[in-house]
Amino acid sequence: MSKYRLLRQRVVESEHHRDDTLIVPQAATDEQLLHCHTPDYVQRVQSGTLTKQEIRRIGFPWSAKMVERSRRSTGATISAARAAIDEGISANLAGGTHHAFAGEGEGYCVFNDAAVAIRTLQSEGLIQRAAIIDLDVHQGNGTASILKDVPSVFTCSVHGVKNFPLRKMPSDLDISLPDGTGDDDYCDALRSVLAKLEKHQSESGQFDLVIYLAGADPYKNDRLGRLSLTMDGLRRRDELVLQWCRHNDLPVAIAMAGGYSVEVKEIVDIHSQTLHIAKVWSLSR
């Protein structure tokens, strides 16, 4: 959990982000959460009446602070999505909670911020079509489940085939990679994903927004990752995604997603690199 505080501190102290605006997000409202989550689940999260099994599945104990943090993390992705539409690119310094289903949480995820953000903006008429590019090392099962019957949102996930979750839910596009996949093979797989996204756009219509889950956990030193990307490989990954968005003139909101290196500094370094690349991309627009 300390990575969030340390990442914000790194951004505040960075010369690269001197002119960037840091905003404390509003908490996601019930109305916004209910675009993707069941009323019963939202109510039981808020009131602390989840079962022990449900809390165990989420992975950390219930508290009022946990609920507030989960609402604000979701609210931050909503805010980042709005800012991306207005300014081209934005980032949530947390988020990427892609294991949250409509009626249950899982894997440190309580509410599904990317799905809620997109469905909220669609309900307001700000966007019609969107894509989620999920490059966390774990498959975005909750996102795939929530959005499976929403043809206006294209979900894609590049993840470790043998990694959590054991039961994968089919996204619109899933790329499963073997343990030990390195920089070159990963980037080749990502290029294939982006080419298929390009083809889907040409056939079904332009996206109005991309939400990019820039997980730090494909890194070679990640305890839960099982892939072998280097810092340079993660840089290439981020550049491929953001260059594709720029080429297609697509607003992009970034969420940090997972990272579980023993050295927390390495996680912060990876997320900071993503933010620096995003800054360079924003200046070159």
Would Gln43 and Ser47 satisfy side chain to side chain donor-acceptor pair (under 3.5 Å), going step by step from the backbone distance to the final call?
CA-CA 6 Å; Gln43 189 276 325; Ser47 62; 3.3 Å; yes
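By the 4.0 Å N-to-carboxylate-O rule, Glu15 lies too far from Lys279 to be salt-bridged with it. With salt bridges taken as basic N to acidic carboxylate O contacts below 4.0 Å, none links Lys168 and Asp174. A salt bridge does not link Arg82 to Asp86: none of the charged side-chain nitrogens sits closer than 4.0 Å to a carboxylate oxygen. Taking a cutoff of 4.0 Å between a charged side-chain nitrogen and a carboxylate oxygen, Asp183 and Arg237 do not qualify as a salt bridge. The pair Arg226-Asp179 meets the salt-bridge criterion, with a side-chain N (NZ, NE, NH1 or NH2) lying under 4.0 Å from an Asp/Glu carboxylate O.
For the residue pair Gln273 / Asp238, no side-chain donor-acceptor distance below 3.5 Å is found, with atom types taken as modelled. In this structure, a donor-acceptor pair under 3.5 Å is present between the side chains of Glu106 and Asn141. Side chains of Glu198 and Ser202: no donor on one and acceptor on the other come within 3.5 Å. Asp113 and Thr77 form a side-chain donor-acceptor contact under 3.5 Å, judged by distance and modelled atom types alone. In this model, a donor atom of one side chain and an acceptor atom of the other lie less than 3.5 Å apart for Gln122 and Arg119. Using a 3.5 Å distance cut-off with no hydrogens or angles, the side chains of Asn112 and His98 do not pair a donor with an acceptor. Side-chain contact annotation: Asp222 with Ser261, donor-acceptor N/O pair under 3.5 Å absent. A donor atom on one side chain and an acceptor atom on the other are found under 3.5 Å apart for Glu266 and Asn221.
Side chain of Ser73 to main chain of Ser70: no donor-acceptor pair is present (N/O by atom type, distance under 3.5 Å, no hydrogens or angles). For the pair Thr38 (side chain) and Gly103 (backbone), a donor-acceptor distance under 3.5 Å is absent. A donor-acceptor contact shorter than 3.5 Å links the side chain of Gln32 to the backbone of Thr29.
Between Tyr219 and Leu234 there is a side-chain heavy-atom pair separated by less than 4.5 Å.
Seen from the ring of Tyr4, Arg69 counts as a face-on cation partner, given the 6.0 Å and 45° thresholds.
Within 6.0 Å of CZ in Arg223 there are more than 12 heavy atoms belonging to other residues, nucleotides or ligands. More than 12 heavy atoms of other residues, nucleotides or ligands shown are found within 6.0 angstrom of CD on Gln206. Atom CD of Glu31 has 12 or fewer neighbouring heavy atoms from other residues, nucleotides or ligands inside a 6.0 Å radius. Applying the 6.0 Å contact sphere to CD of Glu263 captures no more than 12 heavy atoms from other residues, nucleotides or ligands. The number of heavy-atom neighbours closer than 6.0 Å to CG of Leu22, taken from other residues, nucleotides and ligands shown, is above 12.
Note: Tyr260 and Tyr108 have tilted aromatic rings, judged against thresholds of 30 and 60 degrees for the angle between ring planes.
In this structure, Met256 is not a member of the same hydrophobic cluster as Ile78, with clusters built from ILVMFWY side-chain heavy atoms closer than 4.5 Å. In this structure, Phe101 is not a member of the same hydrophobic cluster as Val116, with clusters built from ILVMFWY side-chain heavy atoms closer than 4.5 Å.
Ring to ring, His99 and Phe164 are close: their centroids are under 6.0 angstrom apart. Aromatic rings of His16 and His276 (six-membered ring for Trp) have centroids within the 6.0 Å cut-off, being under it.
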